[in-house]
There are 4 protein chains.
Amino acid sequence: MRFLSDNSASACPEILAAMAAANHGRVPAYGDDEWTGRLDRSFSDFFGTEVRAFVVSTGTAANALSLATLSPPYGAVFAHEAAHIVTDECGAPGFFTGGAQLVQLPGEHGRLAPERFRAALAGHPTDLHSVQAAVLSITQATERGATYHRKDLTQLAEIAHERGLKVHMDGARFANAVAFLNCHPGDITWRAGIDVLSFGATKNGALAAEAVVFFDRSLVKDFELHRKRSGHLLSKSRYAAVQLLTYLESGLWLKNAERTNHLAQRIGRAAGPALLHPVEANEVFLRLGSERRQRLRTQGFEFYDWGPAARGEARFVVSWDQPEEDVQALCAALPRL
Amino acid sequence: MRFLSDNSASACPEILAAMAAANHGRVPAYGDDEWTGRLDRSFSDFFGTEVRAFVVSTGTAANALSLATLSPPYGAVFAHEAAHIVTDECGAPGFFTGGAQLVQLPGEHGRLAPERFRAALAGHPTDLHSVQAAVLSITQATERGATYHRKDLTQLAEIAHERGLKVHMDGARFANAVAFLNCHPGDITWRAGIDVLSFGATKNGALAAEAVVFFDRSLVKDFELHRKRSGHLLSKSRYAAVQLLTYLESGLWLKNAERTNHLAQRIGRAAGPALLHPVEANEVFLRLGSERRQRLRTQGFEFYDWGPAARGEARFVVSWDQPEEDVQALCAALPRL
Amino acid sequence: MRFLSDNSASACPEILAAMAAANHGRVPAYGDDEWTGRLDRSFSDFFGTEVRAFVVSTGTAANALSLATLSPPYGAVFAHEAAHIVTDECGAPGFFTGGAQLVQLPGEHGRLAPERFRAALAGHPTDLHSVQAAVLSITQATERGATYHRKDLTQLAEIAHERGLKVHMDGARFANAVAFLNCHPGDITWRAGIDVLSFGATKNGALAAEAVVFFDRSLVKDFELHRKRSGHLLSKSRYAAVQLLTYLESGLWLKNAERTNHLAQRIGRAAGPALLHPVEANEVFLRLGSERRQRLRTQGFEFYDWGPAARGEARFVVSWDQPEEDVQALCAALPRL
Amino acid sequence: MRFLSDNSASACPEILAAMAAANHGRVPAYGDDEWTGRLDRSFSDFFGTEVRAFVVSTGTAANALSLATLSPPYGAVFAHEAAHIVTDECGAPGFFTGGAQLVQLPGEHGRLAPERFRAALAGHPTDLHSVQAAVLSITQATERGATYHRKDLTQLAEIAHERGLKVHMDGARFANAVAFLNCHPGDITWRAGIDVLSFGATKNGALAAEAVVFFDRSLVKDFELHRKRSGHLLSKSRYAAVQLLTYLESGLWLKNAERTNHLAQRIGRAAGPALLHPVEANEVFLRLGSERRQRLRTQGFEFYDWGPAARGEARFVVSWDQPEEDVQALCAALPRL
């Protein structure tokens with residue numbers, strides 16, 4: 001009963017089937033095929049505005065390429081201290097941007113608080129001895145399984161834009177956020193001031209496909225060159241593009257996100273006071289201590305310890321293909337601990 | 001009738017089937033799954049020596065990560081002036097290495113001549129005003145569709161190793177070279193002094209999978225970190241790994257390469273004196289002039305113009321899934337021009 | 001009455017005189033002259049152990065080149081959140097290392113506390129999703145004008161070395177620290193476990209000369225190449241080298257540091273309860289509020305506001321050439337505020 | 001009798017005297033002093049147009065910072081194969097730009113021929129698989145001691161600008177070129193289409209001071225941040241600035257250049273048929289063979305072997321402080337060989 005990561009999941013059969021259906025004939029390479037050509041249209045429809053959308057294989061690539069497009073090498077990228085770009089990308093933002101520096105901010109449930117960001121930005125120097133404030137990166141849903149409401153995003157983006165920063169959203173679990181907030185995808189992106197979005201699909205059912213979506217379309221030429229020189233332009237692009245098309249157009253994105261959100265919420269309710277963060281996506285964080293974690297593992301549950309060892313936390317992630325029985329078993333086990 | 005690029009090809013159905021077969025259950029992410037775990041064994045068997053093998057999605061990533069592992073940022077990378085790393089990767093070698101400089105050498109049929117490399121290396125300064133000779137990169141088969149024999153590789157590698165350089169092979173069309181040379185894969189790699197190989201599979205039938213193979217296994221920790229920070233560590237690694245396993249273990253690598261080599265040779269023979277380079281892989285380069293190129297296109301053949309416009313060259317690449325009829329038609333058309 | 005920065009100071013006449021004395025004849029360029037050749041000897045004598053010493057023009061260069069030598073591009077550099085490398089070098093550490101990430105730690109008076117560093121290091125992941133702990137950088141004297149005692153340095157270095165990190169010291173105000181601690185320069189460097197030192201001279205009387213001192217001499221080849229490719233190898237090296245030789249051998253380093261330390265201490269005593277940090281170098285930090293700052297400025301004192309605007313702090317730096325009258329006037333003015 | 005390099009030279013006493021004259025009082029640091037503040041005016045007068053001028057310590061810094069300002073990380077920089085940026089900067093262009101690639105062109109006497117550049121540019125791909133043509137870098141006087149006439153520069157710059165490239169001039173020996181061409185400094189810079197100039201002073205009499213001069217003033221903010229983060233913003237900037245002011249305003253630049261040009265021409269004439277390149281600056285290249293080189297060295301002449309060993313070349317550089325007797329002796333020795 002594996003709750004380690006949504007990256008552990010398999011791929012949706014519908015998506016593999018679509019890849020197989022695209023598997024005929026010789027088509028132009030490097031994205032000049034018809035599937036890749038449909039990405040802009042499909043994502044524009046999805047977001048309700050004209051966008052440019054590009055496919056890459058990994059979330060780290062999507063994030064780091066977004067930042068490389070938005071920040072000069074002497075830029076400062078503001079982000080939550082638990083953001084994936086801060087803790088889980090082995091320095092990719094610094095590498096892709098040519099040296100930009102991360103400014104890490106604390107915040108409850110993985111969220112950046114507008115007032116704290118405003119203060120940090122106000123205190124960030126403008127002289128040339130310091131890296132220059134360039135980008136705000138927001139994670140939706142957060143790394144603690146919470147979401148931002150539209151008005152918080154709007155406020156954060158306004159603070160950023162006032163000083164000329166661009167706003168990036170790491171949407172590795174974007175579908176989960178939309179499902180929870182029950183909103184239009186445009187509401188928490190361009191309508192809230194997001195300039196560029198890393199749109200995740202892999203965790204939620206794709207095989208290896210993430211999109212970088214530009215609401216600010218002036219930046220794409222630079223992006224495309226960064227993508228090529230980082231080895232992220234796929235030669236047989238159709239197989240990645242068709243994953244995204246299927247994911248979007250079939251409604252898999254929402255169906256999977258709703259399912260994992262609901263299962264996660266059941267776990268959260270079962271956990272009672274051990275629950276550390278609101279369950280607004282497919283992740284559940286519990287304070288269990290080492291003894292209870294050990295007992296759960298003995299019962300066959302797999303999950304990661306989280307945070308500083310002394311705090312005794314555990315993270316459970318529900319995958320799109322998680323058997324309901326796993327969740328039932330966990331919901332039964334937690335109150336018995 | 002599309003002869004544009006082997007990147008235009010579809011993926012082998014056997015490979016898609018293997019991906020589908022691996023598509024069940026939640027498995028450890030980021031390469032800790034059983035398929036990825038089998039890569040070392042499978043590649044070690046293939047090469048007849050203990051190697052470490054890693055999967056990435058693109059050839060540019062395979063090459064640039066290899067170079068980042070082999071060269072310091074102040075290194076010089078010696079390569080043929082037509083090498084993919086020189087002309088087709090949008091500066092990826094400079095990006096991944098942190099600034100290494102390419103030293104470009106001419107050479108017939110895309111091949112580096114040992115004596116010319118020896119002279120270039122002898123003339124390359126050792127003081128600290130110059131980038132430091134660090135890597136020799138050899139393309140097998142070459143970008144002009146020719147191959148290196150084992151003894152030439154051995155000589156090149158010896159010259160490089162004498163001065164402390166590492167030797168990288170760009171094997172985007174490695175299978176074609178083995179098929180043409182009718183040798184053991186080890187003969188033209190580790191037995192000839194190659195330290196690291198970019199092993200291509202995508203052009204020859206995979207969907208998106210290349211291996212970086214370390215014959216010098218001391219370098220892999222550094223490689224793994226470079227791979228992660230460049231966004232090339234796949235979260236659902238099994239789907240890429242299983243492509244390589246199938247490609248190797250089913251014999252597809254050789255079957256496809258032999259087929260495309262033979263078809264290319266037929267085209268080469270049909271072309272007569274227009275042929276510019278020996279046909280030792282799946283590429284055919286012809287000097288046709290613009291009028292004859294135009295006539296071919298009118299007949300429905302797609303291919304790229306190549307080289308300086310004034311020379312009137314054309315490149316035809318045979319894909320693993322090329323219908324034999326396309327080749328027959330081309331072989332009939334060429335003598336009629 | 002300018003207390004803005006020790007970078008505002010002039011250069012010691014003795015140092016200019018030594019430069020003029022070296023100004024005859026044509027000598028080998030790029031550091032092969034006799035003055036540069038004497039640096040190793042002179043610094044080895046100064047530190048009481050065999051070292052390699054190199055001259056650069058700026059403190060940012062000294063720090064960033066040190067870090068580039070000590071950290072891989074995927075490295076983590078631990079430092080105080082107020083360290084010069086964090087706040088005042090416009091991202092130079094990220095640039096020179098090729099992307100290393102700064103891990104910022106708080107600490108009273110600009111000092112890193114060993115226990116806090118131990119905890120941060122213990123909590124820093126070792127898997128390849130994270131930047132790899134590579135360097136500890138310590139500022140002596142700190143950016144708040146305090147110093148580290150030998151035993152604290154030893155403890156910090158031991159924690160770092162246990163996990164394989166290298167230890168860098170930013171000694172922009174190293175002479176002030178030695179003067180305050182009244183110790184041998186070796187006591188707070190190699191005897192305490194420092195591997196590489198940025199040895200400042202410019203602030204304390206040189207014109208434009210800092211040394212990078214390697215106690216771990218195995219690293220110097222790499223350093224020299226990084227220095228050259230960053231444009232920091234001076235062609236007429238003698239004029240920079242002779243500054244360092246004069247600074248060390250004449251005793252100017254100590255004479256100037258003792259003077260500025262004493263004058264700063266007088267200011268600190270005059271400030272009474274407004275004093276924020278112990279005065280152990282040539283910097284004095286006061287909490288004055290905006291009204292008192294304004295009143296001081298009206299009286300002709302120049303100094304920088306410091307820290308977040310709301311805290312109302314001010315920084316006063318005593319330069320080696322500060323007229324004693326400036327200090328007298330300030331000591332008289334402060335109690336009257 | 002040292003003809004090794006103009007970097008071997010001493011500094012003009014006038015320049016040291018001006019540094020000493022500026023050596024009083026505490027002035028704003030990091031370029032906010034009055035001397036640095038006068039650079040724009042002084043260089044604008046010198047060039048006859050409004051420019052922005054910045055001081056750095058080395059020629060490599062001036063060149064690499066110029067390129068970092070003009071080229072994206074995926075840029076291609078076109079230059080002569082013998083250019084300093086290609087052969088003598090240890091990869092600084094790749095480092096500072098974040099990976100830009102050098103496109104090296106041959107050309108007689110170190111000169112780029114407009115037609116060859118036009119052809120190279122026409123053949124340079126525009127798709128995103130290739131680095132993007134971004135900068136043309138021209139060396140004036142060339143690395144073989146020749147100069148470009150205004151009309152050649154104009155032609156080169158026009159070809160570059162037509163395709164959107166920026167034009168950089170490496171003027172390490174700019175004064176020698178002006179002296180030889182007997183023209184106004186503006187004639188071979190902005191009037192000919194140069195956008196940014198590395199203006200050398202160190203080789204021709206300064207101690208350590210080069211200017212980066214922007215004729216295209218829109219680029220300077222980016223430059224200033226690159227300069228800071230590369231450690232090339234000097235804290236006590238006045239001492240570097242005053243070197244440039246003195247060099248320009250006293251006429252030293254021309255006096256020294258005329259002297260070394262004339263002395264070099266005498267050597268060139270004495271060399272007879274051994275002379276390899278026209279003597280239009282302070283460098284003389286002779287084909288002597290190893291025996292004659294040996295004989296000269298036995299007579300006390302110091303100089304560098306140049307180019308491939310087999311060609312037996314030697315380079316003689318006349319420094320601004322070269323005793324006339326050295327030149328007389330060499331002129332007497334050469335015909336006797």
Side-chain angles (χ1 to χ4, degrees), chain A residues 5 7 58-60 64 67-68 71-77 79 81-106 118-134 143 230 304-311 313, chain C residues 5 7 58-60 64 67-68 71-77 79 81-106 116 119-134 143 230 304-311 313:
Chain A
S5 167
N7 288 316
T58 70
T60 294
L67 299 178
S71 173
Y74 42 75
V77 177
E81 62 189 3
H84 204 263
I85 61 170
V86 172
T87 64
D88 282 287
E89 302 189 351
C90 196
F95 173 44
F96 279 69
T97 58
Q101 210 165 295
L102 298 167
V103 179
Q104 306 175 27
L105 303 175
R118 189 192 304 278
L121 194 54
H124 191 83
T126 54
D127 62 50
L128 50 73
H129 296 269
S130 172
V131 283
Q132 305 290 298
E143 298 293 337
S230 63
Y304 284 117
D305 293 350
W306 213 251
R311 290 223 298 264
E313 301 182 15
Chain C
S5 168
N7 288 317
T58 70
T60 293
L67 297 179
S71 174
Y74 42 76
V77 176
E81 62 190 3
H84 204 264
I85 61 170
V86 172
T87 63
D88 282 287
E89 302 189 351
C90 196
F95 173 44
F96 280 69
T97 58
Q101 209 164 297
L102 298 168
V103 179
Q104 305 175 28
L105 303 175
R116 194 185 276 270
L121 194 54
H124 191 83
T126 54
D127 63 51
L128 49 74
H129 295 269
S130 171
V131 284
Q132 306 289 299
E143 297 293 337
S230 63
Y304 283 117
D305 292 350
W306 213 249
R311 289 223 299 266
E313 300 183 15

Participant: Heavy-atom pairs under 4.5 Å with chain A: which of C/Glu89, C/His129, C/His84 has the most?
Facilitator: C/His129
Participant: Which pairs pass side-chain hydrogen bond (donor to acceptor under 3.5 Å, both in side chains) with one or both residues in residues 94-104 of chain C, sequence neighbours excluded?
Facilitator: none
Participant: Checking A/Ser130 against chain C: side chain, backbone, both or neither under 4.5 Å from a heavy atom?
Facilitator: both
Participant: Pick one of side chain, backbone, both or neither for A/Leu102, based on which atoms fall under 4.5 Å of a heavy atom in chain C.
Facilitator: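 Both parts, backbone and side chain.
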